[in-house]
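A short worksheet on the structure shown next.
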Amino acid sequence: MEHRMHHSLSWVNESNKANYFFLMQVGNYSSTDGIDYNLVRITLTGCGLSMVGTMLSLFLICFLPLKSDGLFVVGNQCFALLIAQLSFIAAENSFPMKVMCKLSTSVLHYFFLTIHFWSLAYSLYLIIKAKRWNITQAYRVRTLFMVVGWLAPAFIVAVTAVIRGDTFGNDALCWLSRHKLTRWAFVGPVVVILFINFAVMIAMMLTRLVLDVNKNVSLLKKIKHQFLTAASLIPVLSLTWVFGVPSAALNAGMIYLFVIFNSSQGLWIFLGHMIGSQQIRSLLFSKPLQEDGIMKSEASDIGSSDDTDSSQVVIVAELGPNYRKG
């Protein structure tokens, strides 16, 4: 019995490699074997649910007659999230060969950064809509998003590998080492992006509120609109990663929340941003849509000008004409 218990605890310690929180861990946070075991189970379950959610989201984006720059960004983010989590599970964050460990570190560093840079691209998309910048050629703005989403992370990974490649995998896990502040090559960009995305979300929610006030919307509807807007934006802007931001207040409760919400991020994107769209629900349940509405109008994106659908904040970002018609 004693041997079996020792074997079990040994397995838990080894399985800490699959704990999602280690991605953001820059301090010496100690935890019990029981907490480590729970976090591993939550991580694996959450990643499974997330991959299902991302695949469903990609299916809807590819096969439903909804085309827009916003969906283009979300589709790329879902793809990046899917590859990142597949790499995370497949790598198991432990390799006996140093070369493979360094390669695994670089792959994980790149794809987890792309998740956040695509969330930054979505903030950029909202800003472009809000400012009504007239970029007539769709390929131009999408090229900009591609540079932000795929090339910017590649630059950071390349620079990190050149400068601090000797520290990759020096800890117990195949990840950016905490020595020489190497792990901040991931945590630093994430914190900066979270700050920008949070500011954009607050701006969108305030704009939504101002529009509701101007239209004399009831208090209950105002609260509903704010909730649905937040539910739509939080997962695509990766704002739940704030639970892992290094701080003196970081505790076991925040770590649990971080692992629960972020390991299953793809599920929340599907539920909050995709199924939360009235247009997508209408198409799924074969409800009629106006021909000059969202099926042909990129300006409407997957949001609605009608008061019954505030789950997508694109209509807020547009500040505009479609809303006033509703």
Side-chain angles (χ1 to χ4, degrees), residues 11-58 74 77-93 108 111-116 118-119 122 173 175 183 186-187 190-191 193-195 197-198 201 227-276 311:
W11 181 89
V12 170
N13 289 331
E14 290 177 0
S15 294
N16 187 54
K17 60 195 176 186
N19 180 351
Y20 217 73
F21 177 67
F22 88 95
L23 295 167
M24 293 287 285
Q25 186 176 352
V26 294
N28 295 317
Y29 302 107
S30 58
S31 58
T32 65
D33 290 333
I35 291 177
D36 287 342
Y37 178 81
N38 292 337
L39 293 177
V40 169
R41 298 293 94 192
I42 293 170
T43 294
L44 295 177
T45 303
C47 284
L49 293 173
S50 179
M51 286 187 282
V52 172
T54 52
M55 287 187 288
L56 289 173
S57 296
L58 288 170
V74 174
Q77 184 185 29
C78 285
F79 179 75
L81 179 59
L82 180 63
I83 300 301
Q85 293 189 319
L86 283 173
S87 301
F88 180 86
I89 293 174
E92 296 183 349
N93 308 108
L108 291 175
F111 281 108
F112 274 97
L113 273 181
T114 59
I115 297 170
H116 295 281
W118 275 110
S119 71
Y122 197 82
L173 306 174
W175 181 233
R183 193 164 296 182
F186 174 75
V187 177
V190 169
V191 172
I193 291 171
L194 285 175
F195 178 80
N197 289 352
F198 183 75
M201 188 187 76
F227 173 79
L228 292 176
T229 298
S232 171
L233 284 183
I234 286 174
V236 294
L237 297 182
S238 300
L239 292 177
T240 50
W241 281 73
V242 72
F243 290 117
V245 171
S247 71
L250 193 60
N251 53 42
M254 292 179 66
I255 293 173
Y256 269 112
L257 289 174
F258 174 86
V259 175
I260 289 170
F261 285 115
N262 294 303
S263 64
S264 56
Q265 184 176 356
L267 176 66
W268 304 118
I269 291 175
F270 174 70
L271 294 177
H273 197 81
M274 303 302 296
I275 297 302
S311 60

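Keep in mind it's a predicted model, so treat the numbers as computed, not measured. We're numbering straight along the sequence, starting at 1.
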Once side chain to side chain contact (heavy atoms under 4.5 Å, CB included) is applied, do any residues pair with [X], and if so which ones, sequence neighbours excluded?
X	value
V191	V187, V245
L239	L194, N197, F198, M201, I234, L237
I83	F79, S87, F111
F227	none

Check the orientation of [X] and [Y]. Use parallel for under 30°, tilted for 30 to 60°, and perpendicular for over 60°.
X	Y	answer
F88	F112	perpendicular
H273	Y122	perpendicular
Y20	W241	tilted

Among all residues two or more places apart in sequence or in another chain, which pass the side-chain hydrogen bond (donor to acceptor under 3.5 Å, both in side chains) test with [X]?
X	answer
S238	Q265
S57	none
T54	none

Of all heavy-atom pairs between [X] and [Y], which one has the smallest distance, and what is that distance?
X	Y	answer
I115	A84	CD1-CB, 3.8 Å
T240	F258	O-CD1, 4.3 Å
V74	M274	CG1-SD, 4.4 Å
Q77	P235	NE2-O, 4.3 Å
F22	R183	O-NH1, 3.3 Å
W118	A80	CD1-CB, 4.3 Å

Taking the six-membered ring of Y37 as reference, does the cationic atom of R41 (NZ for Lys, CZ for Arg) lie under 6.0 Å from its centre and within 45° of its axis?
yes
For T43, is there any backbone N or O sitting under 3.5 Å from a side-chain donor or acceptor partner on N19?
no
Can you tell me if S50 uses its side chain to pair, donor with acceptor, with the backbone of C47 under 3.5 Å?
no
Would you compute the distance between atom [atom1] of [X] and atom [atom2] of [Y] and round it to the nearest 0.5 angstrom?
X	Y	atom1	atom2	result
I260	L49	CD1	CG	11.5 Å
L23	N262	CG	CG	9.5 Å
I269	S264	CD1	OG	10.0 Å

4.5 Å side-chain heavy-atom contact, I35 and Y256
yes
Checking F270 now: which residues fulfil ring pair (Phe, Tyr, Trp, His ring centres under 6.0 Å) with it, not counting sequence neighbours?
none
